[in-house]
Structures are given as C-alpha cells and as structure tokens.
Protein chains: 2
Amino acid sequence: MRRFLDITKALSDESRVRALLALRDGELCVCQLIELLGSAPSTISKHMTVLEQAGLVECRKDGRWRFYRLPGLSAADTVKGAYEWLALSLGKSPQATEDRKRLKEILRRKKEDISECYKN
Amino acid sequence: MRRFLDITKALSDESRVRALLALRDGELCVCQLIELLGSAPSTISKHMTVLEQAGLVECRKDGRWRFYRLPGLSAADTVKGAYEWLALSLGKSPQATEDRKRLKEILRRKKEDISECYKN
DNA sequence: ACTATACTTCGCCAAGTGGCGAAGTATAGG
DNA sequence: CCTATACTTCGCCACTTGGCGAAGTATAGT
C-alpha cells in the first residue's frame, strides 16, 4: 500500500507526469528536463527525487550530469503496470506530443550549444 | 491530462483506495464505508465525492441511502486501466484481504441490526 | 587555484488536503 | 408533524505540497 501510494502521489503532478512521458525516448539529464518543463532547477530536482523514491525512474551519474531514465525490466509489477496505464492514458495526448516535439528541438540544440539553464 | 490527474489524485489517499477495493464485491452505501474505514461521516462523504468526480465510482440514490459502485463497461479507458493497475498492485494485499473480511462481517451484521454510525 | 556548469539542499510562502464536529438537508417511520 | 437515520456542507485546524531564490556541493575545464 505504501509503495502504491508513493506512486500515485508521484503521478499526481503534471510536471512529473510530463517528465516520465519525455523519458520514453531515452534518458535525460536534469538540465534538459528543466528546459522542457520550464521550472526552476530546484523544483525539477525535487520532482525527480520524488519519482526516484517511488521507483518510477532510475538515476545515473556521469560527470557533472545526472541522467534519469525509466526503470528496466527488473522493475516491480506495480511500476510496470503504472507505465502501461500511463502510456494508455496519455501516450498520445496533445501534451505528450507537444513535449516530444520540443524535446527533439532541445536535444538538437544541445549538439551545437550548451545548456542555458544556469546562465543569469 | 486533467482527467488523468484527477484520477491519480483520487488514488493517492489510502482511505479512497481501500474504498475502491471494497467496492469490488458490490455496491456499498456510505454508512457501510464509514464503518469499514473508520472515519467520520463528513470525511467519508468528501472522499466519495472525490472518487465520483474522478469517474472512479458511480452513485445511486435509494431512499435515505446513497450507494456507490464501480463504473460499468462504459467507463473511459483511463478509468478501466486504473482499475486493472489497482487490482494488479493491491488486489491481494493484506489490507484488501483484511478489509474484505471485515466487510463481510459488516454486511452480515446489517441483516440483523441497523447501522450505528450515527448513534451518539 | 579559479571559474563555470550541473545539480541539490534549505528556508520560505501560498495553496491545497485530510481530518473533525456542528449544522443543514432529505427521506422514512411512527 | 416529529423524530431518527443517512448523508452533505461548512468552517476550522494541522499538515503537506509545489513553487522559488539563495546558498551549498560536485565536477570539469583553464
């Protein structure tokens, strides 16, 4: 029950849901999520911690970056079930489509230029 | 997205989740849910309203009683998916088993005696 | 060593949530 | 009509949550 409620609480915020949907296309670092979701770094950081505690994402550190990704096949059934439900419900939603488009833009831009999340 | 978040928020409270699991065995009136969940009438009433707004339960009025039940086959895919996920995750949990047992007790008692939720 | 970037932690605030009891509404029964 | 039962609505309180910026930590580059 505890685990289940951790997941439902994690899923009851729009930014967190959008982050999960965005991660379908592959892992992302925090600064990319910041750009996509448009909130402050501290806010996104907190969101990703919530998702991680719920077991909905896994984390990998690489240099200065912290990459988040969807959990693998070893994930608990509850987590896998949550993803199936999420994909069924919002996989093709306008929000998901729009974000996917913006994400491509962001990823493309990364190749030439470096992030601007922390420029003042 | 709105609809989805209504559901995840509705699912992120233990009492509401227990209520949904209890309704698997058939419709229940508010006073039975009060007995099962052990909260004040006003609290349970609020919970059931949240579930109804999210589309997770349907309501039927009969005399003084208000019966809640799980939605039928006409329910939205997101709602049906939520139930599949819920059943997969908590269908056989200790809490659900315990509640099912207590519920039988409550339903049996109803046949002889009337509810005592509102006795002071 | 110094600076810049990437990210987290902390402290704060406004808004939302779950809990209750008291009071209100609705229906059934004497 | 009066009372009891079933339930809702309202007002309140304690707690949680999401947001931010400022300050702190960690790593990479110079």
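Chain A is the first sequence line, chain B the second, and so forth, proteins listed ahead of strands; every chain is numbered from 1.
- One atom, CG of L11(A), and another, C1' of dG18(D), lie 16 Å apart when rounded to the nearest Å.
- Put simply, CG on L28(B) is 14 Å from P on dA6(D), counting in whole angstrom units.
- We find that CG of D13(A) is positioned 12 Å from P of dT17(C), with the value rounded to whole Å.
- The heavy-atom pair separating A10(B) from R16(B) by the smallest distance is O-NE, 2.8 Å.
- Close to dG19(C), at under 4.0 Å from its OP1 or OP2, lies a side-chain N or O of H47(B).
- We find that CG of L5(B) is positioned 14 Å from P of dG16(C), with the value rounded to whole Å.
- Applying side-chain contact (heavy atoms from CB on, under 4.5 Å) to L21(B) and the options D99(B), L86(B), T97(B) leaves one that passes, L86(B).
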Got a list of protein N/O to nucleotides 25-28 of chain D N/O distances below 3.5 Å?
| unit_1 | atom_1 | unit_2 | atom_2 | d |
| --- | --- | --- | --- | --- |
| dA28(D) | O4' | R64(A) | NE | 3.3 |

> Which letters describe nucleotides 8-14 of chain C, given B = protein heavy atom under 4.0 Å from base, S = only from sugar-phosphate, - = neither?
Replying inline: BB-----
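- Within the 3.5 Å criterion, the main-chain N or O of L56(B) finds a donor-acceptor partner in the side chain of Y83(B).
- What you find for E52(B) and C59(B) is that their closest heavy atoms are OE2-CB, 3.2 Å.
- Closest approach of S39(B) to I44(B), counting heavy atoms only: CB-CD1, 3.8 Å.
- Smallest separation of non-hydrogen atoms from V79(B) and G55(B): CG1-O, 3.6 Å.
- Shortest non-hydrogen contact noted between F4(B) and L11(A) is CE2-O, 4.1 Å.
- As rounded to whole Å, 10 Å separates atom P of dA6(C) from atom CD of Q32(A).
- Distance, L37(B) CG to dG19(C) P: 10 Å, rounded to whole Å.
- In this structure, NZ of K9(B) is placed 9 Å from C1' of dG16(C), rounded to the nearest angstrom.
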Shorter than 3.5 Å, N or O on both sides, protein versus nucleotides 1-3 of chain D: list them out with atom names.
none

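- Ring-plane geometry between W85(A) and W85(B) is classed as parallel, the angle between the planes falling under 30 degrees on a 0 to 90 degree scale with a further cut at 60.
- Electrostatic pairing of R102(A) and E105(A) does not count as a salt bridge here, judged by no charged N lying under 4.0 Å from a carboxylate O.
- Considering all non-hydrogen atoms of both residues, E58(B) and L70(B) come closest at OE1-O, 4.3 Å.
- As a whole-Å value, the separation of E35(B) CD from dT5(D) P is 14 Å.
- A donor-acceptor pair under 3.5 Å is absent between the side-chain atoms of E84(B) and the main chain of G81(B), judged by distance alone.
- For dT27(C), the paired nucleotide is dA4(D), the pair qualifying as Watson-Crick or G-U wobble because both relevant distances are below 3.5 Å.
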